[in-house]
Amino acid sequence: MDNKGSNKAYEITLVDFVVLLLRQWKVMLSCIAIVLLITLLVAFLKPVQYEFTTMYGVASYETVEGAKRGLETPEEVVAKVNNIFLEQQRRNILSDSSIAELPFEVSVNNPRNTLLLKIASAAEEKYQPLIERFHESLVLAIEDDQRNLVNMLKNNLQYQFEAYSEALEAARASSSETAGEIEAAYFEKVFLLERRIDSINEGEASQLAVQSLEPVGLGKGFIVAVGFLLALLFAPIAAVISIFAKKVRIAYQHGD
């Protein structure tokens, strides 16, 4: 009988539990106020960042079918930038500046189905001159590397062009019965080579460290909304912890 009475003494209904929580309204209100205060501080003290974007068109040429092809695929250029040029330019900037580390990250990717590289950095507006300097030096490194490929291709095509041009002149001067067919074949080769040489694009930046119109990252409204939800979530948890702490203290005092 005593055990049953003891068990009943510790039984609590949902209504009783809610009443216990409501009695801790000061604790819940304090928790909500603290969480909201921290949220507001985070939202309004968080630096406003913008994205700065540089677009670079890789060196390309036109195929016989009229399609544009890169001397290297954009993916190959991105791999070079990420594994070689980024670290080189980072070291150069740090050695020439008074800063210990760059206040921004640099990402490089290739927009789908294009011959473009997108170089992007997110930072505060005050860092735009440094970002522009970094992007410019990175573009120059890419241009120098691609210029070597362009020169190699041009030299190769020019050699072929001169060889076929000489063959074309020889065919025109020939009195052979097949001279006309040979001349037509060489003329087509010369025309296609000339067209391909003229179609070579050495690659260039179409924009340099252009600032986005809107800030990037989490907005202040979103941060405040999340903070409000967290405040409502933590308030009853804080109340339960408070009730538990009081029960433990009372039990400890009675034990003494």
Side-chain angles (χ1 to χ4, degrees), residues 46-94 96-97 99 101-157 192-193 195-223:
K46 176 179 175 290
V48 178
Q49 293 190 334
Y50 292 87
E51 185 176 62
F52 299 89
T53 306
T54 294
M55 301 300 295
Y56 178 84
V58 301
S60 61
Y61 66 93
E62 191 174 294
T63 65
V64 175
E65 295 78 14
K68 277 194 172 183
R69 293 285 184 270
L71 272 65
E72 293 180 297
T73 65
E75 291 80 6
E76 289 175 326
V77 182
V78 169
K80 279 186 179 180
V81 173
N82 287 331
N83 291 286
I84 302 174
F85 301 143
L86 273 180
E87 185 60 28
Q88 288 178 347
Q89 301 312 314
R90 185 179 288 112
R91 290 177 182 272
N92 292 339
I93 290 289
L94 292 179
D96 295 340
S97 307
I99 56 177
E101 60 179 356
L102 294 179
F104 56 86
E105 294 293 330
V106 181
S107 65
V108 184
N109 60 71
N110 164 233
R112 185 183 294 273
N113 298 326
T114 69
L115 293 175
L116 296 172
L117 300 185
K118 180 182 178 182
I119 305 170
S121 300
E124 297 176 59
E125 192 173 7
K126 64 181 180 180
Y127 294 119
Q128 182 175 10
L130 184 61
I131 293 174
E132 186 173 340
R133 179 183 167 193
F134 187 93
H135 283 204
E136 184 177 12
S137 62
L138 190 59
V139 166
L140 289 175
I142 298 171
E143 286 178 340
D144 287 341
D145 181 69
Q146 294 228 296
R147 190 176 295 113
N148 294 330
L149 296 175
V150 169
N151 291 336
M152 289 175 59
L153 178 62
K154 280 187 173 180
N155 291 338
N156 183 37
L157 293 178
L192 292 176
L193 284 168
R195 178 180 171 184
R196 189 173 179 185
I197 292 173
D198 292 339
S199 72
I200 294 176
N201 170 28
E202 296 188 0
E204 61 179 352
S206 55
Q207 66 179 48
L208 183 64
V210 174
Q211 180 179 329
S212 61
L213 296 177
E214 299 294 334
V216 295
L218 299 177
K220 294 180 180 179
F222 179 80
I223 295 175

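Worth knowing before you read on, the calculation uses all heavy atoms, side chains too, and leaves out hydrogens, waters and symmetry mates. Quick note: residue numbers are just sequence positions, from 1.
Partner of Leu153 under the side chain to side chain contact (heavy atoms under 4.5 Å, CB included) criterion, chosen from Leu157, Asn155, Asn151, Leu149: Leu157.
Using a 4.5 Å heavy-atom cutoff, the side chains of Pro103 and Glu124 are not in contact. Put simply, the side chain of Phe134 reaches to within 4.5 Å of the side chain of Phe104, judged on heavy atoms. Between Glu72 and Val58 there is no side-chain heavy-atom pair separated by less than 4.5 Å. The shortest distance between side-chain heavy atoms of Val77 and Tyr56 does not fall below 4.5 Å. The side-chain heavy atoms of Val106 and Val81, taken from C-beta on, include no pair separated by under 4.5 Å.
Here the shortest heavy-atom pairing between Leu115 and Arg69 reads CD1-C, 4.3 Å. The two residues Glu143 and Ala205 make their nearest non-hydrogen contact at OE2-N, 4.3 Å. Of all the heavy atoms in Glu101 and Leu94, the pair that sits closest is CA-CD2, 3.8 Å. Scanning both residues, Pro74 and Leu117, for their nearest heavy atoms gives O-CD2, 3.9 Å. Of all non-hydrogen atoms in Ile119 and His135, the two that sit nearest each other are O-CE1, 3.5 Å.
The number of heavy-atom neighbours closer than 6.0 Å to CD of Gln207, taken from other residues, nucleotides and ligands shown, is above 12.
Rounded to the nearest 0.5 angstrom, Asn110 CG and Leu116 CG are separated by 7.5 Å. Residue Glu87 holds its CD atom at 11.5 Å from CG of Asn82, rounded to the nearest 0.5 Å. Between Tyr50 atom OH and Ile131 atom CD1 the span is 13.0 Å, to the nearest 0.5 Å. Here the straight-line distance linking atom OH of Tyr61 with atom CZ of Arg195 works out to 13.0 Å at 0.5 Å rounding. Atom CG of Asn148 sits about 11.5 Å away from atom CG of Leu71, to the nearest 0.5 Å. For the atom pair CG (Leu102) and OG (Ser121), the distance works out to 9.0 Å, reported to the nearest 0.5 Å.
Looking at Thr54, its side chain does come within 3.5 Å of a backbone N or O of Ala209 through a donor-acceptor pair. In this structure, Glu202 contributes its side chain and Val150 its backbone to no donor-acceptor pair below 3.5 Å.
Using a 4.0 Å cut-off between a side-chain N of Lys or Arg and a carboxylate O of Asp or Glu, Glu76 and Lys80 do not qualify as a salt bridge. Arg147 and Asp144 are joined by a salt bridge, as a carboxylate oxygen and a charged side-chain nitrogen come within less than 4.0 angstrom of each other. At a threshold of 4.0 Å, the pair Glu136-Arg133 does not count as salt-bridged, since none of the basic side-chain nitrogens sits closer than that to a carboxylate oxygen.
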Query raised in the report: Could you walk me through whether Glu132 and Leu208 pass the side chain to side chain contact (heavy atoms under 4.5 Å, CB included) check?
Result: CA-CA 7 Å; Glu132 186 173 340; Leu208 183 64; 4.0 Å; yes
Query raised in the report: Taking it one step at a time, do Phe85 and Val108 satisfy side chain to side chain contact (heavy atoms under 4.5 Å, CB included)?
Result: CA-CA 11 Å; Phe85 301 143; Val108 184; over 6 Å; no
